[in-house]
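Read through the structure below, which is laid out as structure tokens, and then see the notes.
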Number of protein chains: 2
Amino acid sequence: MITPRFDILGQAISDASRTQMLCELMEGRAYTNKELAAAAGVTPQTASAHLRLLQNAGLVVAEKRGRCVYHRLAGAEVAHALEQLAAIAPADSLHRAQQRKAGGLAQLRSCYDHLAGPLAVAMTRALLDRGMLVEAHGAFRAEPAAQWLKLGVVLPERPGRQPFARPCLDWTERKLHVAGPMGRQILDHALGSGWVKRHRHKRGLMLTAPGRVALEQILGLQCGTLAEA
Amino acid sequence: MITPRFDILGQAISDASRTQMLCELMEGRAYTNKELAAAAGVTPQTASAHLRLLQNAGLVVAEKRGRCVYHRLAGAEVAHALEQLAAIAPADSLHRAQQRKAGGLAQLRSCYDHLAGPLAVAMTRALLDRGMLVEAHGAFRAEPAAQWLKLGVVLPERPGRQPFARPCLDWTERKLHVAGPMGRQILDHALGSGWVKRHRHKRGLMLTAPGRVALEQILGLQCGTLAEA
DNA sequence: GCAACAGTTCGCTGCGCGGCGAAGGGTTTT
DNA sequence: AAAACCCTTCGCCGCGCAGCGAACTGTTGC
């Protein structure tokens, strides 16, 4: 019988501590063992064992620098597959409720290599409303517009094999936002031009004043209230 | 922290017996407890426990009829997610070698609701070569052609939200073949017109003589040798 | 009614593995 | 050199769970 080794992968994500770590890593940044241990609520030595397992499963890669070891997702395919999985995973209302109570956590965050969170969903909504994006064949097609450059997006000359603007289902909102190369360009540009900044210790991103102005000018987004993260 | 309940899903697919069952179910047919138990190499009572777990995870649904209980995948999303998972799962050469030795097993089979296996890959290859399909944006775009009707495919008037011809990565070959509504239409037509038949006890599909002729006429496929499954 | 069969429930055993404390490399700082 | 720090390895405990045999329910066929 034809059986891909689901079990290795499945075993890797079958544990609550490991899924916590993976969710943390979905931010796209590299994390140390200690950080991930704290995120999962276990001791460093336990986290170490988990990370080795994730490494063996090919989900995570490690890079040693000085006395620290930085862990990150093995690649975009891994992030993509985890997204897909999250899409069919049972939504647990308990978690969502408690994260709302925690106070607008993660209004804006990064999802491996692109923006996510309610604000990213709103941006996508605006792009669709303005006709800059068109949903077709389960993908986003980008229409030529001068606004794209203002968002830091350079449209490709000809369609590539991979989707340029891939829809990604937001974990919290269960709504689509822009991933793929376009999503990456937008995130890069937003970070580079200071529209958003990474929180120092908390997870997630922060929309700056210039960013708020830019999004309002370019997309007509009223995100003043959204930025109170 | 935002954590979808990966763990429930992960636990469901973390066991080798359960993954065996899931792979069996990926054929798209409904199976009894006993059949799945045999496929996984465990006793019926063990399989029963596994199936209840898969049911709770929302991956499988059961339907009682007479004294038999028929189990099937919960839906196309589940099949799709499992495909994605298989794409990043480590390919174990051991299994592939032993299945080759077993004698051309699964030259043609069904992958939930569409054709898969080497022959399906060859068909897709032919469709691409003839320009009936074009790969773009990570999806297949269908070009109008009279041949489509001969394959039982009715092209949609306008692009839908979901991809009409979705590429699906074959587990064994690691090559693309056609899934999505188009894939389903092709499988339905192939079964309806007697081009392929389901094996009585073995897994997989069988290409019939009329089917071989049809594929050669329509797509120029020389699949005489491929059909020896 | 009885036998045969599909499926489930129960109780038990044994392995696997998540978790931590203690101890052992390495690296950076004082 | 010593202290502080990050990470890992080792050994141990305890839970969870896969697996089976035995027994039970429900359905089909004689």
Side-chain angles (χ1 to χ4, degrees), chain A residues 1 3 5-25 29-73 200-201, chain B residues 1 3 5-25 29-73 200-201:
Chain A
M1 191 50 201
T3 52
R5 298 300 300 274
F6 280 144
D7 49 341
I8 291 183
L9 263 173
Q11 195 219 6
I13 59 174
S14 65
D15 179 77
S17 299
R18 282 193 289 270
T19 57
Q20 286 272 18
M21 295 185 186
L22 284 176
C23 289
E24 199 77 8
L25 288 164
R29 266 181 45 209
Y31 290 85
T32 64
N33 184 13
K34 202 182 173 186
E35 287 173 315
L36 293 171
V42 294
T43 55
Q45 58 267 37
T46 302
S48 185
H50 283 311
L51 283 167
R52 196 178 28 173
L53 209 154
L54 289 173
Q55 218 170 319
N56 287 341
L59 296 176
V60 163
V61 290
E63 183 186 348
K64 189 167 181 178
R65 213 149 47 178
R67 65 180 165 183
C68 291
V69 179
Y70 290 95
H71 302 269
R72 64 173 71 240
L73 286 190
R200 297 186 67 78
H201 296 297
Chain B
M1 190 50 201
T3 51
R5 298 299 300 274
F6 280 144
D7 48 341
I8 291 183
L9 263 173
Q11 195 220 7
I13 60 174
S14 65
D15 180 78
S17 299
R18 281 192 289 269
T19 57
Q20 286 273 18
M21 295 186 186
L22 284 176
C23 290
E24 199 76 10
L25 288 164
R29 266 182 45 209
Y31 289 85
T32 65
N33 184 13
K34 203 181 173 188
E35 286 173 316
L36 293 171
V42 294
T43 56
Q45 59 265 39
T46 302
S48 184
H50 284 311
L51 283 167
R52 195 178 29 177
L53 209 155
L54 289 173
Q55 218 170 318
N56 287 339
L59 295 177
V60 163
V61 290
E63 182 187 349
K64 190 167 181 177
R65 213 149 47 177
R67 65 179 165 185
C68 291
V69 179
Y70 291 95
H71 302 268
R72 62 174 70 241
L73 287 189
R200 299 186 66 81
H201 297 296

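Every chain is numbered from 1, with letters handed out A, B, ... down the list of sequences.
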Among [options], which nucleotide has an atom closest to any side-chain atom of [X]?
{"X": "T43(B)", "options": "dG19(C), dC20(D), dT8(D)", "answer": "dC20(D)"}
{"X": "H50(A)", "options": "dA18(D), dG18(C), dC7(D)", "answer": "dG18(C)"}
{"X": "D15(B)", "options": "dT9(C), dC20(C), dG19(D)", "answer": "dG19(D)"}
{"X": "V42(B)", "options": "dG19(D), dA18(D), dG7(C)", "answer": "dG19(D)"}

Find the distance [X]:[atom1] to [N]:[atom2] and express it as a whole number of Å.
{"X": "M21(B)", "N": "dA18(D)", "atom1": "CE", "atom2": "C1'", "result": "11 Å"}
{"X": "Q55(B)", "N": "dG7(C)", "atom1": "CD", "atom2": "P", "result": "13 Å"}
{"X": "L54(B)", "N": "dT8(C)", "atom1": "CG", "atom2": "P", "result": "13 Å"}
{"X": "K34(B)", "N": "dG26(D)", "atom1": "NZ", "atom2": "P", "result": "21 Å"}
{"X": "E35(B)", "N": "dC5(C)", "atom1": "CD", "atom2": "C1'", "result": "14 Å"}
{"X": "L53(B)", "N": "dG19(D)", "atom1": "CG", "atom2": "P", "result": "12 Å"}
{"X": "R52(A)", "N": "dC10(D)", "atom1": "CZ", "atom2": "P", "result": "9 Å"}
{"X": "Y31(B)", "N": "dA6(C)", "atom1": "OH", "atom2": "P", "result": "17 Å"}

| query | Does R67(A) have a side-chain nitrogen or oxygen under 4.0 Å from the phosphate oxygens OP1 or OP2 of dA4(D)? | reply | no
| message | So, does S17(B) get its side chain near the phosphate of dG19(D), meaning an N or O under 4.0 Å from OP1 or OP2? | response | yes
| task | Tell me what R18(B) touches on the nucleic acid: a base, only sugar-phosphate, or nothing, going by heavy atoms under 4.0 Å. | result | sugar-phosphate
Gap separating the [atom1] atom of [X] from the [atom2] atom of [Y], nearest 0.5 angstrom:
{"X": "I13(A)", "Y": "L54(A)", "atom1": "CD1", "atom2": "CG", "answer": "10.0 Å"}
{"X": "Q11(A)", "Y": "Q11(B)", "atom1": "CD", "atom2": "CD", "answer": "12.0 Å"}
{"X": "L36(B)", "Y": "L25(B)", "atom1": "CG", "atom2": "CG", "answer": "5.0 Å"}
{"X": "E35(A)", "Y": "R29(A)", "atom1": "CD", "atom2": "CZ", "answer": "5.5 Å"}

| query | Which one of M21(A), E24(A), R72(A) satisfies the side-chain contact (heavy atoms from CB on, under 4.5 Å) criterion with Y31(A)? | reply | E24(A)
| note | Heavy-atom nearest nucleotide on DNA chain C taken for S48(B) and for T46(A); more 5' hit belongs to S48(B)
| message | Quick check: any donor-acceptor pair below 3.5 Å linking the side-chain of Q45(B) to the base of dG21(D)? | response | yes
